[in-house]
Amino acid sequence: MPELPEVETIIRGLKVLEGDTLLHLDIRDPRLREPLRGLCPPRRVESVRRRGKYILLELDRGLLIFHLRMTGRLLLGEEAPDDARLVLSFPKQVLYLLDRRGFATAEYASSFAKELGPEPFGDLSWLKDALRRSRRPVKLWLMDQRNIAGIGNIYASEILFHARIDPRRPANSLKPGEVEALVRAIPEVLSQAIAHRGTTFSDYRDARGERGGFQEFLLVYRREGKPCKVCGTPIRRIRLGGRSTFFCPRCQR
DNA sequence: TAACACCTGTTC
DNA sequence: GAACAGGTGTTA
């Protein structure tokens, strides 16, 4: 479910846990037992951070790493519901994991060691060389977390619309001006989405259970057949790497 | 690089 | 019944 803007919104809500002490662990989904082995409360939460689409709780010893995949939710509340897969108890609240599909992961590790590309903010001038090394369609390149971290199916389509680039174009075919447009579009689209607290279609909620608002501002994603908000041409949907991909055939070349 | 697997729920 | 869903890890 969540891409970078949703995960960022969640971790901002979870920062209230910094300095709090994890008192008890209730692992209700047996698949989470093995990856959480070795986590023995009490443990103090030193910081709550994000890396790509991962949520990190740095403890006084070790690291709790969550990935919500498609339908996971990480929520703060007074009491966990019966269908929670994992419940972390703190002195005055509980943090619990819900996931109707059950793809979400939680693990305890001594350090964060995933193969992730750089964060999509700051100086992105490295994109030029990186894109040159791949012939894959640029949309699939953007969604590959080893290239750049945090971009998923919604924002890949949105970013390419903003940059006016056809999602099927090979990454190494982009001209300098197009790479520049991409360098501008990536942080712009993601920052706007964070400002609106992410995109909610059905499952996504922040740490307090609130929906995001960026779905109102999407220009192509899930707008198949509707007029492009720039030129009026019907938005097209195609499949790329098995995923629905939306674009304006006139604005994006 | 593509298909499939992991799962359940919703929509056509 | 079939297709689809914010993701990613494994396999052919």
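Quick caveat, the model's predicted, so the values are computed rather than measured. FYI, side chains are in, hydrogens and waters are out, and symmetry mates aren't considered; it's all heavy atoms of this structure. Below, chain A is the first sequence line, B the second, and so on; all start at residue 1.
To the nearest angstrom, C1' of C:dC4 lies 17 Å from CG of A:L240. Whole-Å rounding puts the A:I154 CD1 to C:dC4 P distance at 17 Å. Rounded to a whole Å, the CD1 atom of A:I55 is 18 Å from the P atom of C:dG6. C:dC4 atom P lies 13 Å from atom CE of A:M70, rounded to whole Å. Taking atom CZ of A:F201 as the reference point, atom P of C:dG7 lies 12 Å away to the nearest angstrom. Distance OH (A:Y54) to P (C:dG6): 18 Å, rounded to an integer number of Å. Going from atom CG of A:L68 over to atom P of C:dT8 covers 11 Å, rounded to whole Å.
Between C:dT8 and A:H67, a contact under 4.0 Å exists linking OP1 or OP2 to a side-chain N or O. Dashed line: the shortest gap from a side-chain N or O of A:K53 to OP1 or OP2 of C:dT8 is under 4.0 Å. For A:R243 and C:dA3, the shortest distance from a side-chain N or O to OP1 or OP2 is not below 4.0 Å.
Grouping the Ile, Leu, Val, Met, Phe, Trp and Tyr side chains by contacts below 4.5 angstrom, directly or via other members, places A:L76 with A:L59.
Residues that satisfy the side-chain hydrogen bond (donor to acceptor under 3.5 Å, both in side chains) test with A:S110, not counting sequence neighbours, are absent from this structure. Legend: residues meeting ring pair (Phe, Tyr, Trp, His ring centres under 6.0 Å) with A:F246, ordered by chain and number and at least two apart, are A:Y221.
Aromatic ring orientation, A:F112 versus A:Y54: perpendicular (interplanar angle above 60°, classes split at 30° and 60°).
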Contacts under 3.5 Å, N or O only, protein and nucleotides 1-3 of chain B:
none

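Taking the charged nitrogens against the carboxylate oxygens, A:R169 and A:D166 have no contact shorter than 4.0 Å, which rules out a salt bridge.
Heavy-atom distances under 4.0 Å link DNA chain C to A:Y221, A:R222 of residues 213-225 of chain A, given in residue order.
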| field | Watson-Crick and G-U pairing of DNA chain C, under 3.5 Å, as dot-bracket with | and [ ] | value | |||||.||||||
| Which parts of nucleotides 6-12 of chain B does protein reach within less than 4.0 Å, heavy atoms only, written one letter per nucleotide 5' to 3' as B for base, S for sugar-phosphate only and - for none? | BBBS---
